[in-house]
Amino acid sequence: MAETLESLVFKPVQELAVDCKTIPERYILKCPDEAFYVDPPVIDIPVIDLNLIQSPSPSADQVLEKLRTSLSSCGCVQVIGHGMTNSLLDQVHSIGRDFFALPLEEKRKCLRTAEGSEGYGNASAHSDQIHNWSDRLYLTTSPEDQRKLKFWPQNPENFRETLQEYTEKLVLLNKVVLKALSRSLNLKESCFLDQYGENTHLLTRFNYYPPCPRPDLALGIKEHSDATFITFLLPDNEVGGLQVLKDDHWFRVPTVPNALFINIGDQVEIMSNGIFKSPLHRVVTNSERERLTVAVFCTPDSSRYIEPAEALISEKSPRLYKKVNNYVRIYFENFQQGRRGIEAVKI
Ligand SMILES: O=C(O)CCC(=O)C(=O)O
Ligand SMILES: [Fe+2]
């Protein structure tokens, strides 16, 4: 049978994983890279307390310097002081776990359709591409009038109110972080936020990775960078799997309990004229335990133009990227051809 979107989304990886001793061909990487199943070293990334940079002070300057150094070397940091209680973070995990634990019939009420990416399904891939060993629930969470509530689970009961609370906090946090990024580069505080615009566009993705019988052959998510401004990741507190590429080597990302992991997306790499790196990252699987993470992707309205900040351009550091709008479209057009969108917008 031809693999239509329907036939693929009807076969969640979670269902395949039950009693499965081997994995279907379409998940098997052609040239598995040894580094992903022989655990690579842990990456040394700072844990930044955002409370320390709220107002100008010498200690705030030190924290901003740490932020700048980390984002320009590996493109990611862990943050605490993010304004969310541990209990909220636990609840966000729980609603994800509870949703994926529901019977298939119940989850299918939120099933993705052929027209879009929102809803419940496995990660779509073209039939000639290798598939990810993961399922997802993908929802626009902000702005509120763009939500497609038909994809929002009614079950677990507290799903909507918990996601609402998390989203409200992230809308604020996104602003705090974008201001901090500008300050760390000695730019006007509103520099990146002005390019972002008023509408905080957030897409939330619950990533569910079932145990995989052959972690040496498949990836939970293949190597990619994010098309975002920035991405907030609520990691799984107990099960690791995220790896980041730095200086051509893969590193394991450690989990810091109750911290959020932030990675730079391609659009901040563009605005920072390449000073901040949008890192390639991937997720490895394991044969023992399921894993659940919640990624929140922050992007501006597609109509907004973004470009390298004028103040970062000089004779010594010429402009490296074009002015573009709807970068997410550029990203996906290139992604489908196996290329990076960021390369397409380089001058
Ligand atoms: O689950 C993870 O650790 C990372 C997820 C990710 O990279 C993504 O959703 O884009
Ligand atoms: Fe990602």
Side-chain angles (χ1 to χ4, degrees), residues 13-14 36 39-40 42-43 45 71 74-79 89 92-93 96-97 99-100 112 117-125 129-141 166 170 201-212 215 218-246 250-269 276-286 289-299 327-328 331-332 334-335 340-342:
V13 177
Q14 192 177 5
F36 76 73
D39 264 351
V42 171
I43 194 162
I45 41 175
L71 296 180
C74 66
C76 43
V77 283
Q78 312 261 16
V79 296
L89 299 183
V92 175
H93 265 132
R97 284 191 197 286
F99 173 77
F100 282 100
R112 187 177 97 212
S117 52
E118 279 195 56
Y120 163 65
N122 49 17
S124 60
Q129 286 182 343
I130 308 298
H131 290 237
N132 293 323
W133 190 262
S134 52
D135 294 328
R136 47 183 54 172
L137 174 65
Y138 205 4
L139 304 168
T140 293
T141 41
Y166 191 49
L170 278 169
H201 203 279
L202 302 186
L203 268 166
T204 299
R205 186 156 87 194
F206 293 81
N207 294 307
Y208 176 76
Y209 307 91
C212 177
L219 282 168
I221 299 187
K222 284 174 294 174
E223 149 181 344
H224 67 284
S225 63
D226 292 345
T228 53
F229 256 50
I230 49 179
T231 303
F232 293 95
L233 185 81
L234 178 61
D236 188 306
N237 274 337
E238 291 176 15
V239 186
L242 179 61
Q243 298 185 351
V244 171
L245 191 71
K246 182 188 173 208
W250 287 101
F251 291 88
R252 233 170 344 135
V253 174
T255 299
V256 177
N258 305 315
L260 290 174
F261 173 84
I262 298 181
N263 67 269
I264 293 295
D266 288 359
Q267 302 200 47
V268 162
E269 177 169 324
F276 291 154
K277 306 287 181 291
S278 170
L280 283 171
H281 53 287
R282 65 186 183 187
V283 177
V284 296
T285 62
N286 75 82
R289 301 188 68 182
E290 61 181 20
R291 176 169 185 267
L292 184 112
T293 64
V294 187
V296 177
F297 304 109
C298 307
T299 52
Y327 177 76
V328 175
Y331 175 97
F332 281 106
N334 281 277
F335 189 74
R340 284 195 72 187
I342 196 86

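Every number for a ligand or one of its atoms is a count from 1 in the order of the listing.
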Considering the heavy atoms of [X], write down every atom of ligand 1 situated less than 4.0 Å from one of them.
{"X": "Thr293", "answer": "1 (O), 2 (C), 3 (O)"}
{"X": "Ala295", "answer": "9 (O)"}
{"X": "Ile221", "answer": "5 (C), 6 (C), 8 (C), 9 (O)"}

Top protein contact for [atom], by heavy-atom distance:
{"atom": "atom 5 (C) of ligand 1", "answer": "Asn207 ND2, 3.5 Å"}
{"atom": "atom 8 (C) of ligand 1", "answer": "Arg205 NH2, 3.3 Å"}
{"atom": "atom 4 (C) of ligand 1", "answer": "Val283 CG2, 3.6 Å"}

Exercise for review: For the Fe ion (ligand 2), find the closest N/O/S atom belonging to His281 and write down its atom name.
Suggested key: NE2
Point to revise | Which N, O or S atom of Asp226 lies nearest to the Fe ion (ligand 2), by name | key: OD1
Review point. Considering only heavy atoms from C-beta outward, does the side chain of Asn132 approach that of Asn122 to under 4.5 Å?
Key: no
Check your understanding: Non-hydrogen atoms of His224 versus ligand 1: any pair closer than 4.0 Å?
Key -> yes
Check your understanding: Would you say the side chains of Glu118 and Thr140 form a donor-acceptor pair under 3.5 Å?
Key -> yes
Review point. Relative to ligand 1, is Thr231 under 4.0 angstrom through side chain, backbone, both or neither, heavy atoms considered?
Key: neither
